[in-house]
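For clarity, every value in this text was computed on a predicted model and none was experimentally measured. In listed order, ligands and their atoms are each counted from 1.
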Amino acid sequence: MKISVIGTGYVGLVTGACLAEIGHEVMCTDSDAAKIRTLEAGGVPIYEPGLDQVIAKARKENRLRFCANPADAVPAGDAIFICVGTPPLPNGDADLSAIDNVARMVASEATSPKLVIEKSTVPARTGQELKRALSVYTRRPGVTLRVASNPEFLREGTAVEDFLHPDRVVVGVEDETAERQLHDIYRPVLERQFNCPVHAGACPEGPAPQWLVTTINSAELIKHASNSFLALKVSYANMVSDLAERLGADIGEVTRAMGMDPRIGPSFLNAGLGFGGFCLPKDLQAFVRLAERCGVDFSMLKAAEKINKQRIDRFFDKVREALWVVRDKPVGVLGLAFKPNTDDVRFAPAIDLIRRLLEEGADVRAYDPQAMEKARAILPEVAYAPSAYDAAQGAEALVIATEWPEFRALDWEKMRARMRRPLVLDARNLLLPGEMRARGFEYRSFGRPDVVAEPQIA
Ligand code: UDX
């Protein structure tokens, strides 16, 4: 099918590339001409495992094109995916102005029937407004512009795999034509009929993705409800983690046992510095705002947000307890991205933590395998180290702020030799207290017993 994708942020780029990968003819566009120039030159403006290969292959096979003029993309697709950003407004509402702009552009440029598909994360009822905007701005009689919703559940760091191997594909439609068109678009994914670039064709066994057809309102609600529930789960684990600390229990064992119950499930129970990124925090806020407008009490989600915002304070209590005086102390920080396997530092708890360390006068040296360039743009005052070992050089404390797997595999004896004081403050519970004790480190983390230095009695 001929498909246009408007917006080449995370969701837009992965959507466009993967739809081309499964056989569709895709035109991606963005109002950011510089980004389109980078893409046309073969660059990929985000770090996402496997995405660059998928884009390169689809371009080589002429199934994926980029154009800098969104108006040119409208005639190029029978189906148009809206993947523009919906960033948070100061009051927490989602900013829908980009969606509105696209609606007016599509309405004025469309010369043949189109299926206009919401892929951006939007509050419920946005589809109705989109439909109204399309109809008031359409100037050509007989040009039917259908609206549908198709929320995305991909995670940064595993986005290509999540798109090609989703648990479910959710569509919100108003008629069978739209349902059929969307089913045709996703058929290769639903029937697992594609050469998988992630698993080199040997995809893991497992149930085929579920196909869920509902109304546009429900589809929009499904996305916000899902993301907010994930945030709630993380905050619940963090809340229990604080109690585990007071009781001398081990949050890792508590959540592992909880997760063994399939009604709870093991994922999203990792206690730590809290959830960040460009999705969970803003979707939670927008969902709370939507509920307020509808007169529904969402205090449970407000509590989840409050707990999340307090994680930095919680962690800082540990920094002060361990270091006593923070000012002028060299502190190494491992991790800048909001989570591993991405270079994304938007709403990253690690960045908030570093800002706090700087406020307290610490001398910060930071390292991240992928996100240093993006971090440098928002935190130019920090020293960036070429390696984790360099970040630890002469440090009085080493903070783990993002749980990159490679940090677990570091030579910790070498780290210890580099540090002025062998003190690790693990904000992501990446390491194990017992192992760090055996390696001769002081070690503090969330919801687990601390390993403190034994006083040397002469
Ligand atoms: C999220 C949703 O998972 C995805 O379905 C949706 O489409 C977009 O938003 P993403 O933003 O990539 O994806 O990040 P995710 O993997 O959900 O992690 C979000 C945050 O929660 C990260 O900061 C992560 O460190 C934190 N987190 C996650 C925890 O603190 N504990 C956990 O157990 C899991």
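Qualifying salt bridge (Lys or Arg N to Asp or Glu O under 4.0 Å) partners for Arg263, counting only residues two or more places apart in sequence or in other chains: Asp261. Remark: Glu21 engages Lys57 in a salt bridge (Lys or Arg N to Asp or Glu O under 4.0 Å) (not counting sequence neighbours).
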If you look only at distance, which donor and acceptor atoms sit under 3.5 Å apart when one is on a side chain in residues 395-407 and the other is two or more places apart or in another chain?
| unit_1 | atom_1 | unit_2 | atom_2 | d |
| --- | --- | --- | --- | --- |
| Thr402 | OG1 | Leu336 | N | 3.4 |
| Thr402 | OG1 | Ala337 | O | 2.8 |
| Trp404 | NE1 | Asp368 | OD2 | 3.0 |

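Ring geometry for Phe441 against Trp412 counts as perpendicular: the plane angle is over 60°, on a 0 to 90° scale with 30° as the lower cut.
Between Arg314 and Glu245 there is no salt bridge, since no side-chain nitrogen of the basic residue lies less than 4.0 Å from a carboxylate oxygen of the acidic one.
Protein residues having at least one heavy atom under 4.0 Å from any atom of ligand 1 are Glu152, Phe153, Leu154, Arg155, Glu156, Lys223, Asn227, Leu230, Val234, Phe268, Leu269, Asn270, Gly274, Phe275, Gly276, Cys279, Leu280, Phe338, Lys339, Arg428, listed by chain and number.
Side-chain polar atoms of Tyr443 and Asp426 form a donor-acceptor pair below 3.5 angstrom.
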